[in-house]
Amino acid sequence: MDVKVLIEKALEAKKNAYVPYSNFRVGACLLTEDDKIYTGCNIEIASYSPTICAERTAIFKAVSEGHRKIKAIAVVGDSNYTFPCGVCRQVMREFGKNVSIIIANSLDDYKIYTLDELLPNSFGPEDLEK
Ligand code: THU
């Protein structure tokens, strides 16, 4: 996995963020198990609640094209190390139990986490198997 490629594409996707209300841009880029790359940005809506984060945009693009396993996802935002929100962490849990989460400020300044670090003791699809 080339971390820098994912960060570079996340930075590129961030430029497409549609953020007229928060003015807070986020970009994401993920790698699927079969090495396909999908990017996403946050998209805000005037009534606020339909707003979607960059991470979920990228994940839903991948899943809607048939890729249900995510190996890694890079996230870049306007704050110093922008971490995924709780909802996005749960969506990552669904499609990437072993995902590496790259939180980047730039190509040379990033940290890598496991999902278990960011969402410990999680609830997931296996819990519903009976
Ligand atoms: N946002 C993301 O896109 N990803 C995150 O991980 C945190 C928050 C977006 C949602 C909203 O458009 C803006 O950032 C401010 O919350």
Side-chain angles (χ1 to χ4, degrees):
M1 170 185 71
D2 192 334
V3 170
K4 285 189 199 297
V5 168
L6 295 184
I7 297 172
E8 199 170 12
K9 288 182 186 292
L11 285 165
E12 198 59 35
K14 187 181 155 202
K15 293 180 189 162
N16 292 326
Y18 173 73
V19 289
Y21 311 107
S22 73
N23 198 34
F24 187 86
R25 294 176 178 275
V26 186
C29 178
L30 65 79
L31 188 65
T32 66
E33 200 173 56
D34 50 351
D35 289 326
K36 296 282 182 303
I37 281 180
Y38 286 88
T39 62
C41 62
N42 54 334
I43 301 167
E44 297 179 347
I45 304 301
S47 59
Y48 297 164
S49 68
T51 292
I52 188 161
C53 293
E55 298 91 321
R56 273 176 292 146
T57 302
I59 293 168
F60 293 158
K61 280 169 71 177
V63 173
S64 68
E65 299 207 2
H67 305 279
R68 295 184 182 170
K69 284 246 159 63
I70 299 162
K71 278 201 289 206
I73 184 165
V75 183
V76 296
D78 277 345
S79 57
N80 187 33
Y81 300 118
T82 303
F83 281 80
C85 77
V87 171
C88 288
R89 292 177 198 205
Q90 189 67 45
V91 172
M92 288 175 196
R93 170 68 175 81
E94 190 78 21
F95 301 109
K97 199 171 188 314
N98 298 311
V99 65
S100 296
I101 303 163
I102 303 148
I103 309 294
N105 281 337
S106 69
L107 284 180
D108 305 308
D109 181 9
Y110 59 85
K111 305 173 184 189
I112 304 182
Y113 296 87
T114 63
L115 182 68
D116 211 45
E117 288 175 302
L118 298 189
L119 193 69
N121 302 313
S122 62
F123 180 86
E126 301 78 15
D127 289 292
L128 297 177
E129 282 166 16
K130 43 184 171 170

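Read the numbers this way: they start at 1 and go in the same order the structure lists the ligands and their atoms.
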Note: Ser122 and Leu119 closest approach over all heavy atoms is CB-O, 3.5 Å

Can you tell me which residue pairs pass the side chain to side chain donor-acceptor pair (under 3.5 Å) test with a partner in residues 71-80, sequence neighbours excluded?
Lys14-Asp78, Asp35-Lys71, Ser79-Thr82, Asn80-Asn105

Listing by chain and number, which residues have a heavy atom under 4.0 Å from ligand 1?
Ser22, Phe24, Val26, Asn42, Glu44, Thr51, Cys53, Ala54, Glu55, Phe83, Pro84, Cys85

Output every pair passing side chain to side chain donor-acceptor pair (under 3.5 Å) with a member in residues 39-57, not counting sequence neighbours, ordered by first then second residue.
Ser22-Glu44

Is a side-chain N or O of Lys4 found less than 3.5 angstrom from the main chain of Leu107, in a donor-acceptor match?
yes

Closest approach of Ala58 to Tyr38 (non-hydrogen atoms, all atoms of both residues):
O-CB, 3.8 Å

Which pairs count as salt bridge (Lys or Arg N to Asp or Glu O under 4.0 Å) when at least one residue sits in residues 80-97, sequence neighbours excluded?
Arg93-Glu126

